[in-house]
Every structure is written in structure tokens, then in C-alpha cells.
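We count residues from 1, following the sequence as given. Hydrogens, waters and symmetry mates play no part in the numbers below; they use all other heavy atoms, side chains included.
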Amino acid sequence: SNTTALAAADRGWLITPTTNKAWTLGFPNCNADFTQKRRWGYEVCFALTDADKHGFAAGLTSRADAGVSAFTASAIFTAAEVVVSNVSFLGFRKPEDTDVDIFYKTDGSAIPSTAATGLHTTTAATMLDATFIKLGMNCDGRNIRFFIDNAQIGVAVSLDDAYLPAEADLIPIFALYSNAASTVTMSWMAFAEVN
């Protein structure tokens with residue numbers, strides 16, 4: 001009910017969201033285990049017809065909070081299109097403007113405001129209308145690196161960083177909040193972890 005149309009597109013699925021609604025995509029049966037310091041990778045590629053009409057969160061999030069599934073949109077977003085404080089998160093966020101931020105936080109923490117509290121990069125990229133963007137992260141068992149369109153953004157983050165999530169069951173997710181019925185083209189989303 002949060003979308004008005006879904007159609008095959010040249011590079012994926014063309015999704016038309018309902019205004020002022022949110023929806024989520026992800027892999028509920030996949031886990032990124034931060035307690036074991038394993039190797040993993042996450043990647044998503046998509047385009048927004050009107051980049052300043054949508055907010056999104058792309059990355060890894062805690063499975064649930066107070067019994068609410070991470071795939072319940074309100075478990076990820078508030079009305080202001082930001083990641084809520086009662087979930088762990090690692091990845092990319094764009095509020096209802098065109099700038100993409102990279103950050104990470106533990107369950108119960110506010111959105112980071114400085115590098116010391118988990119803010120990695122503000123305005124790491126600017127979303128352009130109807131232009132595909134590829135967001136990715138990978139972990140080599142010691143550090144996490146962030147990429148936008150295959151270029152590394154900033155320095156690697158040590159897995160010993162105190163502001164990284166600590167759960168054993170973070171799930172890959174893409175959550176979008178729409179402020180208009182303009183379309184989203186989802187090309188792909190991928191996740192893999194080495195045991």
C-alpha cells in the first residue's frame with residue numbers, strides 16, 4: 001500500500017512510492033556478525049527521479065527493536081526522514097535533500113554529529129535526478145571501508161571503534177521515505193559474508 005506502481009525497468013524495478021510513506025527492502029535471512037569480526041560486503045545501486053523528494057537509509061541495521069521488525073518502515077524512519085535512535089545502524093543516509101552522509105551508531109544512540117561519535121563523512125556525495133548511484137561497504141575482518149560509485153570515501157574504520165554496532169545479527173536493508181510520488185529505480189542490492 002506504500003507504493004502505487006511497480007514495473008520492470010531497463011536496469012531493474014521502477015517503483016512509484018505513495019507520498020509521505022516509507023518502504024523497505026532487504027534480506028531478513030542474512031546476518032552481518034560484528035561479534036565475530038568476519039569479512040562481508042554490501043552494495044546497492046539505484047536512481048531517484050527527483051533526488052530531493054526522498055530520504056533513504058542503506059546499510060546494515062539491527063533486526064528488531066521492542067519486537068518490531070526492521071522491515072516495518074517506522075522502525076527505521078521518523079517523520080523527519082532520519083534513522084531512528086532505537087536501532088543500530090551502519091551505512092549511508094540521505095535526508096530529504098540531495099546530500100548523502102555516511103555514519104554508524106549503536107542501539108539507542110542519536111544520529112552522530114561528529115567523527116568522534118560515529119559520523120564518518122557528511123555530504124559524501126550529491127544525488128542527481130535520474131542518475132544511478134552505487135553505495136557499498138566492505139569489511140576485511142579488521143576494518144570497514146565505504147565506497148560511492150567505486151571510489152573509497154574517507155579512511156577505513158577499525159572494527160574496534162566503540163560507536164560501531166555490536167550485534168551478531170545486523171541485516172542488510174534499504175529503506176526509503178517518499179515525499180512525492182516520483183519514481184525510484186532499484187537496480188540491485190547485494191550482501192555476502194564469509195564464515
side-chain hydrogen bond (donor to acceptor under 3.5 Å, both in side chains) partner of Thr183, chosen from Thr3, Thr49, Thr16: Thr49

N-O pairing of Lys37 and Asp160 below 4.0 Å: yes

Return the CH2 to NZ distance between Trp188 and Lys134, rounded to the nearest 0.5 Å. 5.0 Å

Does Ile15 form a side-chain contact (heavy atoms from CB on, under 4.5 Å) with Thr185? I'd like the steps, not just the answer. CA-CA 6 Å; Ile15 304 167; Thr185 306; over 6 Å; no

Closest approach of Leu164 to Leu90 (non-hydrogen atoms, all atoms of both residues): CD2-CD1, 3.8 Å

How long is the gap from CZ on Phe46 to CE on Met189, to the nearest 0.5 Å? 11.0 Å

State, yes or no, whether a side-chain contact exists between Tyr163 and Pro112 at a heavy-atom distance under 4.5 Å. no

For Pro17 and His54 the tightest heavy-atom approach is CG-CE1, 3.7 Å

Quick one: pull up CE in Met137 and CD1 in Ile153 and give me the separation to the nearest 0.5 Å. 13.5 Å

Smallest separation among heavy atoms of Lys94 and Asp99, with atom names: CG-O, 3.2 Å

Tell me whether Val155 shares a hydrophobic cluster with Val100, the cluster being built from Ile, Leu, Val, Met, Phe, Trp, Tyr side chains joined at under 4.5 Å. no

Pair Leu119, Thr114 - check side-chain contact (heavy atoms from CB on, under 4.5 Å), show working. CA-CA 5 Å; Leu119 179 65; Thr114 67; 5.6 Å; no

Is any side-chain heavy atom of Phe56 less than 4.5 Å from a side-chain heavy atom of Leu135? yes

Start with the C-alpha gap between Phe191 and Ile171, add the side-chain angles, then the distance that decides, and say whether side-chain contact (heavy atoms from CB on, under 4.5 Å) holds. CA-CA 9 Å; Phe191 175 79; Ile171 56 176; over 6 Å; no

Nearest 0.5 Å please: distance from the CG atom of Asp101 over to the OG1 atom of Thr121. 8.5 Å

Can you find a heavy atom in the side chain of Leu14 that is under 4.5 Å from one in the side chain of Leu6? no

Let's go through Phe103 and His120 carefully: what are the C-alpha distance in whole Å and the side-chain angles of both, what is the deciding distance for side-chain contact (heavy atoms from CB on, under 4.5 Å) to 0.1 Å, and is it a yes or a no? CA-CA 5 Å; Phe103 74 92; His120 185 269; 5.6 Å; no

Given side chains that start at C-beta, do those of Leu60 and Pro165 come closer than 4.5 Å, heavy atoms only? no

Give a yes or no answer on whether the side chain of Asp50 reaches the backbone of Asp52 with a donor-acceptor pair at less than 3.5 Å. no

How close do Thr106 and Ser88 get, heavy atom to heavy atom, and via which atoms? C-OG, 3.6 Å

Let me confirm one number: the NZ-OH distance from Lys53 to Tyr177, rounded to the nearest 0.5 Å. 13.5 Å

Do the side chains of Ser109 and Thr117 get nearer than 4.5 Å, heavy atoms only? no

For the atom pair CD1 (Ile102) and OG1 (Thr123), what is the distance rounded to the nearest 0.5 Å? 10.0 Å

To check you understand the geometry: which heavy-atom pair defines the closest contact between Ile173 and Tyr42, and what is its length? O-OH, 2.9 Å

Phe146 and Tyr104 aromatic ring geometry - parallel, tilted or perpendicular at 30°/60° bounds: parallel

Nearest atoms (heavy-atom pairs only) where Ile133 meets Ala125: CD1-CB, 4.2 Å

If two hydrophobic side chains count as joined below 4.5 Å and joins carry through other members, does Ile111 share a cluster with Phe89? yes

State yes or no: do Phe147 and Met127 share one hydrophobic cluster built from I, L, V, M, F, W and Y residues joined by side-chain heavy-atom distances below 4.5 Å, directly or via other members? no

If we ignore hydrogens and angles and just use 3.5 Å, is the side chain of Ser178 paired with the main-chain N or O of Lys21 as donor and acceptor? yes

Got a sec, which pairs hit salt bridge (charged side-chain N to carboxylate O under 4.0 Å, His left out) with one end in residues 170-195, sequence neighbours left out? Arg38-Glu193

